[in-house]
2 protein chains.
Amino acid sequence: MNDPIPLDLVRLRRSCAECSLQQLCLPAGIEGDDLRRLEDVVQRRRPLEAGDRLFRVGDALQSVFVASEGTIKTVGISEAGEEHVLGFHLPGELFGLDAIGTGYHRCEAIALGKARVCELPFNELAVVAAQLPSLQRQLLRVMGQSSDRDQDHLDVLTRRQASERIALFLQGLSQRYRRIGQPGDEFQLPMSREEIARHLGLAVETVSRSFSRLHEEGVIAVRGRWVHIIDVAGLNAAASGCEVEAKRVEVVRAEKARSPR
Amino acid sequence: MNDPIPLDLVRLRRSCAECSLQQLCLPAGIEGDDLRRLEDVVQRRRPLEAGDRLFRVGDALQSVFVASEGTIKTVGISEAGEEHVLGFHLPGELFGLDAIGTGYHRCEAIALGKARVCELPFNELAVVAAQLPSLQRQLLRVMGQSSDRDQDHLDVLTRRQASERIALFLQGLSQRYRRIGQPGDEFQLPMSREEIARHLGLAVETVSRSFSRLHEEGVIAVRGRWVHIIDVAGLNAAASGCEVEAKRVEVVRAEKARSPR
DNA sequence: CGTCGACTTGACTAAAATCAAACCCGGTGG
DNA sequence: CCACCGGGTTTGATTTTAGTCAAGTCGACG
């Protein structure tokens with residue numbers, strides 16, 4: 001609605017050197033002059049509001065992005081017009097690489113809530129990377145990490161049990177939150193059930209039911225978008241498909257004890 | 001069993017400049033001296049036999065690879081010990097990038113039959129790429145294409161209907177065969193049903209049944225690993241989930257007409 | 001307080017997994 | 001030459017699971 005308040009402007013100008021994500025992001029391991037040259041490439045952006053788009057399908061590659069606050073989702077659109085969520089990008093995570101192969105974006109990037117990103121014009125980045133071996137190495141590494149997240153997603157999607165997918169999804173989020181210094185056992189989901197469903201290839205109802213079941217089993221506590229991971233071992237078990245059965249039997253038994261008949 | 005015959009040795013030595021895949025592979029758009037410098041990095045390999053492994057989970061990143069003849073599969077292994085097939089790599093396709101993020105391979109690469117690959121020691125490649133902007137650009141592009149294939153795979157896995165997954169899988173293979181100058185409408189599958197199943201997140205039986213159904217519908221002809229795509233439009237329809245219904249109804253009707261009662 | 005959207009829950013249905021049994025085909029050895 | 005394996009593959013019957021449709025419930029917000 002109104003212009004960014006002064007504080008925002010200050011943060012907007014904040015350099016990579018001062019950024020709390022520095023060690024997780026592209027600048028990791030880059031120092032001195034090299035870091036300053038990288039900073040010249042990085043454009044900091046005005047805050048994004050929920051639903052704001054950074055790029056759309058078919059847009060020519062201009063920049064790649066790093067989330068710096070909030071969460072961005074990337075969404076692919078099938079010919080039938082169905083959307084599926086390719087990834088959720090937390091602070092420090094690079095995205096927008098999908099355009100590198102063809103030169104055009106294959107998906108679109110949308111802010112899930114108030115968010116902020118750093119934009120890196122790709123051509124400039126490539127030029128500077130060619131000049132700075134440390135940056136080239138780091139760029140490749142960060143690109144690789146981005147592929148690793150895609151791989152993890154793939155891993156999740158090959159699981160047949162909905163409960164496994166949900167458990168793995170939560171585990172993954174948990175780890176990623178810890179990585180950025182936030183509690184991994186208690187957090188607010190930045191995305192809706194619908195978005196989780198379209199990320200995991202499930203129906204919304206199935207997502208909801210899986211959450212409920214994990215809750216009943218005492219593995220997690222959920223209330224709306226608030227999640228608390230109570231039993232890490234239990235979540236691991238659920239993620240690998242085994243022992244969940246035993247757990248459930250236990251719960252059912254407890255239930256029967258409470259209300260015989 | 002016995003040593004490679006002389007012909008093989010000749011092919012082994014063949015340079016990128018003489019390679020039929022040149023325009024599809026890393027050297028595309030690289031010429032003269034630059035090409036010679038790239039060739040210095042590329043190591044050509046002895047032929048691989050079915051089941052030969054190029055790297056295993058946990059191996060440190062040494063090289064990335066390009067298939068040059070035959071097909072290589074990459075296989076990820078879940079904690080539970082289940083294998084799932086991450087990708088099939090046809091001639092001209094780069095793989096082994098999975099180690100770039102962490103420095104260690106997350107999957108293993110196995111030849112599906114007699115095959116041949118070009119090996120590119122990653123560090124050398126990175127050094128040369130830093131010196132040759134054309135190679136750096138091309139390397140990024142080829143890496144992007146590799147991600148694009150992963151993305152396509154992901155696309156396939158989010159489809160709920162088994163028939164859609166199979167149809168998309170066949171479409172994808174068809175395109176990729178055409179790309180390397182082989183007929184896209186008639187080919188031998190280099191992989192088993194089991195491997196297809198583990199690639200698509202389905203049971204073997206489901207894969208088999210889906211093939212059979214597409215066959216009955218007259219969309220494709222299958223006999224063992226031999227596949228002939230008869231009705232491209234039909235395959236497209238099956239891939240996007242719609243109209244298959246109509247097709248099937250038709251077939252059922254025809255069936256009834258043939259054997260009333 | 002009412003309304004709207006997001007989420008949950010239940011009943012039913014459709015689809016794929018599973019279990020089990022044949023089948024096909026290339027290779028082996030009698 | 002043919003009988004007999006044994007793998008990969010197909011097919012059938014049954015069970016399990018998630019999808020679908022339809023009601024609710026919850027919670028934020030005007």
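Computed from heavy atoms alone, side chains included, the values below leave out hydrogens, waters and symmetry copies. In what follows, chains are A, B, ... by sequence order, proteins preceding strands, each numbered from 1.
In this structure, the CD atom of Gln161(B) is 12 Å from the P atom of dA14(C), given to the nearest Å. Rounded to whole Å, atom P of dA16(C) lies 14 Å from atom CZ of Arg159(B). Phe211(B) has its CZ atom 16 Å from the C1' atom of dT11(D), to the nearest Å. Leu189(A) has its CG atom 15 Å from the C1' atom of dT8(C), to the nearest Å. The CZ-C1' distance, from Arg213(A) to dA18(D), rounds to 11 Å in whole Å. Atoms CD (Glu164(A)) and P (dT17(D)) sit 11 Å apart, rounded to a whole Å. The CD1-C1' distance, from Ile196(B) to dG8(D), rounds to 12 Å in whole Å. Remark: P of dA15(C) and CG of Leu200(B) are 18 Å apart, rounded to the nearest angstrom.
Nearest-nucleotide positions on DNA chain C place Met191(A) closer to the 5' end than the other of Met191(A) and Arg160(A). In terms of position along DNA chain D, the nucleotide closest to Ser192(B) lies nearer the 5' end than the nucleotide closest to the other residue of the pair Ser192(B) and Leu202(A).
Residue Arg225(B) places its side chain closer to dG8(D) than to any other of dG8(D), dA18(D), dG19(D). Listed nucleotides: dA18(D), dT9(D), dA17(C). Nearest to the side chain of Arg193(B): dT9(D). Taking only side-chain atoms of Ser212(A), from C-beta outward, the nucleotide of dT9(C), dC7(C), dT20(D) with the closest atom is dT9(C).
Arg193(A) places a side-chain N or O within 3.5 Å of a backbone atom of Gly224(A) that can act as its donor or acceptor partner.
Rounded to the nearest 0.5 Å, atoms NE2 (His199(B)) and CZ (Phe169(B)) are 5.5 Å apart.
Residues meeting the salt bridge (Lys or Arg N to Asp or Glu O under 4.0 Å) test with Asp52(A), sequence neighbours left out: none. For Glu82(B), the side chain to side chain contact (heavy atoms under 4.5 Å, CB included) criterion is met by Ser78(B), not counting sequence neighbours.
Within 4.0 Å of Arg165(B), counting heavy atoms only, lies no atom of the nucleic acid at all.
Contact detail for Val156(A) and Arg165(A): the closest heavy-atom pair is O-CG, 3.4 Å. Here the closest heavy-atom approach between residue Ser146(A) and residue Leu94(A) is recorded as OG-O, 3.9 Å.
Using a 4.0 Å cut-off between charged nitrogen and carboxylate oxygen, Arg209(B) and Glu205(B) do not count as a salt-bridge pair.
Within the structure, a side-chain polar atom (N or O) of Ser208(A) is placed less than 4.0 Å from OP1 or OP2 of dT8(C).
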Seminar exercise, completed: For nucleotides 19-28 of chain C, 5' to 3', base contacts (B), sugar-phosphate-only contacts (S) and non-contacts (-) with protein non-hydrogen atoms under 4.0 Å give B-----S---
